[in-house]
Amino acid sequence: MKTLKVFKYVGFALLGVGFVIVVIFAVQALWNWLIPGLFNGPVITFWQTAGLFILSKILLTGIAPGPQHRHSRESWYWRKKCRDRYMQAAAAEQEALSPENNA
C-alpha cells in the first residue's frame, strides 16, 4: 500500500516537472516567434527562457508561496470597518424612509 503512495507522489512530481518544461518551451516558442520580428530582439535558448520565467514569477508574485497577504489583520480590520459604515448608512436610510418620519 505504501508503494502505491510513493508511485503516486513520484507520478505527480513527474507530471509537475513535465508541465513546467512544456510551459518553458511554449514561452520560448512565443518569444522566438514574436520578439525578433517585432523588436529585432534576440532569439533565446531554453535556459534563458527558464531564467526569464523564474525572474518574472519572482517579480510579479513574490517568493513566498500562497496568498498570505489576503488574510492579514489589517484587511480584516478594514473589511469590518467598511461593513460597519455600510450598516450605519443603511440604517440611517431606512430610518429616513420610514412612514413615521414622513407624516
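A continuous path of Ile, Leu, Val, Met, Phe, Trp and Tyr side chains, each step under 4.5 Å between heavy atoms, connects Trp33 with Trp31, placing both in one hydrophobic cluster. In this structure, Phe39 is a member of the same hydrophobic cluster as Leu52, with clusters built from ILVMFWY side-chain heavy atoms closer than 4.5 Å. Hydrophobic cluster membership is shared by Ile35 and Leu38, with clusters built from Ile, Leu, Val, Met, Phe, Trp and Tyr side chains linked at under 4.5 angstrom. A chain of hydrophobic side-chain contacts below 4.5 Å, direct or via other Ile, Leu, Val, Met, Phe, Trp or Tyr residues, connects Val27 to Phe19.
Nearest heavy-atom pair, Pro36 versus Pro42, reported as atom, atom and distance to 0.1 Å: CG-O, 3.9 Å. Taking each heavy atom of Thr49 and Gln28 in turn, the nearest pair found is OG1-CB, 3.4 Å.
Here the side chains of Phe53 and Lys57 are not in contact, with every heavy-atom distance at 4.5 Å or above.
A side chain to side chain contact (heavy atoms under 4.5 Å, CB included) with Val17 holds for exactly one of Val20, Ile21, Leu14; it is Ile21.
A distance of 6.5 Å separates CD1 of Ile54 from CD1 of Ile24, quoted to the nearest 0.5 Å. Here the NZ atom belonging to Lys2 is positioned 12.5 Å from the CG atom belonging to Leu4, to the nearest 0.5 angstrom.
The salt bridge (charged side-chain N to carboxylate O under 4.0 Å, His left out) check on Lys80 picks up Asp84, with sequence neighbours excluded.
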